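Atoms within each ligand, like the ligands themselves, are counted from 1 in listed order. All figures in this text were calculated on a predicted structure; none of them were measured in a lab.
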Amino acid sequence: MAVRRRSKEMGETKGLIETISHEQAEDLAGRIRSVLHTTTFGQQMIVLPRTGSTNDVARELAGQGAREGTIVLAEEQTAGRGRLQRRWLAPPGTCLLLSILFRPRLPLDQAQWLTALCAMAAADAIETVAGLHVGLKWPNDLIVRQSALQPLSRAGRKLAGVLTETGVMGNRLDYLIVGIGINVNVPTDALATLSPEATSILAETGRTTDRATLLATLLLNVEERYRRLYTGEHPRAEWTRRLVTVGQSVCATSGAVAIQGIAEAVDETGALLIRTAEGQVHRLVAGDATLSTQGT
Ligand code: BT5
């Protein structure tokens, strides 16, 4: 595990935003190492005080032959991204911003489930470490699920997001990078600067969460689920169970197309099946599905 030293840009103060020093990043790397119980995932880990996007660094490393399970973690991203050219924002030193490198030797129809697999691994880790109820919103959002302790107004807010990018060689999948951003210790008053729907573990629980423990738990979950994927266990049933979207009235968008209807199920490829009032079933492969009931 290494903290990559990258020129003078690190550790300086930029405007009012506090940047993270090498020493702080090194401290986080050491704490992760001391609680990590995986055999592959995270055994190679680069912790950067600051970078553009961890997915880009992971892609660069993949091109240099980095092995499966390599993790890139950053304390700050200057060009963090979501899907469809959207931005991913995070106050420095408060979140988990990471990319996981996979080199799947799996048929494509199984490898395409790695995004869902990582989202479920992250949701489980948050539940275990922070005691929150976490649901998944199709296709890739982790949201706070309503519980007896949860004030209604906060339910459905976004805790984390997942962005997958792939590298192909000829007609073969060479690598797959799953980027995960989790709002861990973002103070309530900073959430509005991220997105109107954003929430954090701190805002939900009132407690600071140890990011090293959360990451180590997440990586162990990923490793175990990935091993099970190789044994033929299909994540679809569990994913469907965890998706708050299924059974809800949704407004879905894919490019310029908008569909209103009931999200009935996900098919074996992960596509969302939406039945309109006219009884037509639309298959949504990519895009967004806003829950009509929550306005999220
Ligand atoms: C996602 O996209 O949710 C995927 C986010 C993946 C971020 C990770 S961080 C590590 C790795 N490196 C990267 O560069 N990216 C990955 P999407 O579903 O398109 O959601 C993006 C939208 O979420 C934005 O348009 C905002 O509205 C909102 N948003 C931005 N930052 C947020 C935050 N911290 N918390 C909640 N919502 C946020």
Side-chain angles (χ1 to χ4, degrees), residues 17 45-62 70-102 114-116 118-119 121-123 126 132 134-144 154-166 176-204 211 214-215 218-219 222 243-245 250 252-255 270 272 284 286-291 295-296:
I17 300 170
M45 182 178 303
I46 289 177
V47 183
L48 299 166
R50 184 174 172 212
T51 193
S53 157
T54 56
N55 270 27
D56 291 340
V57 180
R59 181 183 292 273
E60 201 181 302
L61 294 175
T70 298
I71 304 297
V72 179
L73 185 74
E75 285 288 50
E76 180 184 358
Q77 291 187 127
T78 53
R81 60 175 179 268
R83 295 171 304 134
L84 311 164
Q85 322 291 326
R86 293 190 285 229
R87 293 182 71 196
W88 188 260
L89 303 168
T94 62
C95 294
L96 282 177
L97 307 167
L98 68 138
S99 297
I100 307 175
L101 174 64
F102 291 91
L114 285 171
T115 311
C118 289
I126 295 169
L132 268 179
V134 182
L136 302 177
K137 185 156 94 57
W138 189 93
N140 63 356
D141 289 354
L142 273 70
I143 63 161
V144 174
R154 297 195 72 88
R157 288 179 172 231
K158 185 161 169 173
L159 262 182
V162 184
L163 170 72
T164 296
E165 294 170 328
T166 54
L176 192 141
I177 292 162
V178 181
I180 307 175
I182 307 177
N183 302 330
V184 186
N185 296 321
V186 184
T188 309
D189 58 8
L191 290 171
T193 62
L194 309 181
S195 145
E197 277 89 39
T199 191
S200 69
I201 299 175
L202 174 61
E204 297 301 325
R211 291 181 300 144
L214 182 61
L215 179 67
L218 189 163
L219 294 178
V222 168
L243 274 179
V244 295
T245 317
V250 296
T253 49
S254 180
L272 190 65
L284 195 69
D288 293 295
T290 305
L291 305 186
T296 57

>> Among Leu73, Val72, Thr54, which residue satisfies the side chain to side chain contact (heavy atoms under 4.5 Å, CB included) criterion with Leu98?
In response: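 That would be Leu73.
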>> Using salt bridge (Lys or Arg N to Asp or Glu O under 4.0 Å), reason through Glu165 and Arg81 one step at a time and then give a plain yes or no.
In response: CA-CA 11 Å; Glu165 294 170 328; Arg81 60 175 179 268; 2.9 Å; yes
Using a 4.0 Å heavy-atom threshold (strictly under), name the region of [X] that reaches ligand 1: side chain, backbone, both or neither.
{"X": "Asn140", "answer": "side chain"}
{"X": "Val162", "answer": "backbone"}
{"X": "Arg86", "answer": "side chain"}

Taking distance alone, with N or O pairs closer than 3.5 Å, would you say [X] contacts ligand 1?
{"X": "Asp288", "answer": "no"}
{"X": "Leu89", "answer": "yes"}
{"X": "Arg81", "answer": "yes"}

>> My understanding is that we take every heavy atom of each candidate and find the minimum distance to atom 23 (O) of ligand 1. Doing that for Lys158, Gln85, Glu197, which one comes out nearest?
In response: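 Nearest option to atom 23 (O) of ligand 1, by heavy atoms: Lys158.
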Are [X] and [Y] side-chain neighbours, meaning at least one heavy-atom pair lies under 4.5 Å?
{"X": "Phe102", "Y": "Val222", "answer": "yes"}
{"X": "Met45", "Y": "Leu219", "answer": "yes"}
{"X": "Leu218", "Y": "Ile182", "answer": "yes"}
{"X": "Pro91", "Y": "Leu194", "answer": "yes"}
{"X": "Trp88", "Y": "Cys95", "answer": "no"}
{"X": "Leu89", "Y": "Thr193", "answer": "no"}
{"X": "Leu214", "Y": "Val184", "answer": "yes"}

Under a 4.0 angstrom heavy-atom cut-off, which atoms of ligand 1 come close to [X]?
{"X": "Thr54", "result": "10 (C), 11 (C), 12 (N)"}
{"X": "Leu98", "result": "10 (C), 11 (C)"}
{"X": "Asn55", "result": "11 (C), 12 (N)"}
{"X": "Asn183", "result": "33 (C), 34 (N), 35 (N), 36 (C)"}
{"X": "Gly181", "result": "7 (C), 8 (C), 9 (S)"}

Of the protein's non-hydrogen atoms, which lies at the shortest distance from [atom], and what is that distance?
{"atom": "atom 36 (C) of ligand 1", "answer": "Ala198 CB, 3.5 Å"}
{"atom": "atom 9 (S) of ligand 1", "answer": "Gln77 NE2, 3.5 Å"}
{"atom": "atom 28 (C) of ligand 1", "answer": "Ser195 CB, 3.7 Å"}
{"atom": "atom 5 (C) of ligand 1", "answer": "Trp88 CE3, 3.4 Å"}
{"atom": "atom 30 (C) of ligand 1", "answer": "Arg87 O, 3.3 Å"}

>> I'd like to know whether Arg83 forms a side-chain contact (heavy atoms from CB on, under 4.5 Å) with Asp288, so could you lay out the CA-CA distance, the side-chain angles of the two residues, the decisive distance to 0.1 Å, and finally the verdict.
In response: CA-CA 10 Å; Arg83 295 171 304 134; Asp288 293 295; 2.5 Å; yes
> Counting only N and O atoms by type, is there a donor-acceptor contact under 3.5 Å from the side chain of Ser200 to the main-chain atoms of Asn183?
Replying inline: no
> Does ligand 1 have any atom sitting under 4.0 Å from a heavy atom of Gly80?
Replying inline: yes
